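Shown next, in structure tokens, is the structure this report addresses.
Position 1 is the first residue of the sequence; numbering continues from there. All figures in this text were calculated on a predicted structure; none of them were measured in a lab. Note that ligands are numbered from 1 as they come in the structure, with each ligand's atoms numbered from 1 the same way.
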Amino acid sequence: MDNRPIVIDGTAVVTLDPARREFATGHVVAQGNRIVAVGSGPAPAYDGARVIDGRGCVVTPGFVNTHQHLYQWVTRGLAADATLFGWLTTLYPVWARIDDESVHVAAQAALARLARTGCTTAADHHYVFPRDSKDLLEAEILAAAKVGVRFHPARGAMDLSEKDGGLPPDSVVEDRDEILAATEAAIDRWHDPAPGSMLRIVVGPCSPFSVTGELMKDAAELARRKGVRMHTHLAETTDETDWCQQNFGCTPLEYAAQLGWTGSDVWFAHGIHFDDAEIKRLGQTGTGVAHCPSSNARLGAGIARTADLRAAGSPVGLGVDGAASNEAGSLIEELRHALLFARARGGPQALDVRAALEMATLDGARILGRDDEIGSLEVGKLADLALWRLDTLEHAGIADPVAALVLGSPPPLELLLVNGQPVVEHDTVVTVDEARLAVQVAKVQQELVTS
Ligand SMILES: [Zn+2]
């Protein structure tokens with residue numbers, strides 16, 4: 001490990017600090033795992049520092065990915081033209097064949113891709129545990145440690161199969177008591193609540209149509225007893241709303257709320273089909289939403305009311321979602337899609353470029369309960385940052401670096417620091433071998449779809 005201070009000098013800086021300071025030419029200095037200086041003009045001298053020439057670049061806080069299913073990296077491109085429920089029923093039998101090796105490969109690939117696209121903190125939602133599989137949560141935790149990103153995996157689950165009126169087949173659902181015991185064991189083994197933590201566990205039953213109400217309720221009690229966060233899919237499609245009306249006589253949010261699933265320790269993936277009263281309720285309770293615009297458009301599910309949710313007080317983070325419904329898996333592209341789809345839906349004032357950047361950073365940090373440590377470039381915060389190159393043909397001359405980042409094509413990533421350590425340099429992941437991973441992904445994918 002290289003423990004020299006890292007000085008990034010001569011770069012544009014977008015801090016996202018409380019005053020939202022931006023510098024046309026400035027510096028950021030990381031020492032150990034913390035930021036020790038941020039400002040305009042040249043950096044102060046640091047003995048023995050590694051100095052990075054930031055001219056032609058902009059430095060931002062590292063992005064937070066708030067929703068993903070890493071294992072899906074090895075099941076991309078299937079059911080390319082299906083609805084959510086059709087896509088799920090096609091994919092469940094393929095997913096039933098995943099094991100610790102395929103999850104380990106998929107997770108490394110998906111996390112490497114996230115890192116290459118600006119992500120320093122990744123939440124995951126793993127809910128497929130085929131019978132007799134080895135420890136799949138461990139497989140992805142080890143992958144995150146190899147790639148070097150800050151990791152918040154949800155121990156997900158499904159306990160409502162076809163025979164009980166749910167959507168998934170019997171082979172991928174688990175028994176409720178086993179789920180709760182495995183989730184508690186995962187928290188005890190892995191969850192690190194300490195400042196600067198690289199690993200925190202989340203409790204994450206999958207969705208209303210694949211999980212029993214009893215599990216939702218017990219999972220919420222477990223999460224609160226253990227002091228960890230809670231995550232599930234909610235209000236993704238109108239099919240889901242109809243399903244909840246038929247089965248419970250209420251909307252997905254009313255159902256979730258009855259089971260204890262609102263509050264500042266809860267965030268929902270998607271959150272598309274909420275009415276005005278529900279948005280108010282989410283804001284008042286501080287319940288978060290992981291907005292996944294590419295996946296939502298890929299499945300034609302609709303687009304969340306991001307501006308209304310944020311105005312109501314709900315933190316809205318960005319997520320790539322699983323790669324089976326977003327083959328790109330690129331977090332920087334979600335900023336652009338969030339902005340474009342918000343404006344296509346709500347008009348030209350629906351979302352501005354800096355709000356898109358805030359969703360990817362500060363809102364994501366708030367959703368994970370870490371806005372005191374990450375999400376902005378401030379002295380004392382963790383050294384999680386992205387240095388984007390804006391002087392090549394794609395971006396040179398774009399007047400505003402934030403507009404270049406959000407409206408332009410994905411820029412080369414000159415440097416990504418996580419916890420003060422380089423994970424990407426010169427647009428290449430330096431912690432794992434991307435080319436080797438690509439070969440492994442293709443092999444695992446073949447085995448899964450043809451076996
Ligand atoms: Zn999802």
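- Protein N/O/S atoms closer than 2.8 Å to the Zn ion (ligand 1), listed by chain and residue number, are His67 NE2, His69 NE2, His233 NE2, Asp321 OD1.
- For Thr285, the side chain to side chain contact (heavy atoms under 4.5 Å, CB included) partners two or more places apart in sequence, or in a different chain, are Thr262, Thr287.
- Residues satisfying the side chain to side chain contact (heavy atoms under 4.5 Å, CB included) test with Leu142, not counting sequence neighbours, are His104, Glu138.
- Using cut-offs of 30° and 60° on the angle between ring planes, the pair Tyr71 and His126 is perpendicular.
- The pair Arg345-Asp308 fails the salt-bridge criterion, with no side-chain N (NZ, NE, NH1 or NH2) lying under 4.0 Å from an Asp/Glu carboxylate O.
- For His270 against Ala304, the heavy-atom pair with the smallest separation is O-CB, 3.6 Å.
- Qualifying side chain to side chain contact (heavy atoms under 4.5 Å, CB included) partners for Pro411, counting only residues two or more places apart in sequence or in other chains: Ile332, Trp388, Leu390, His395, Leu405.
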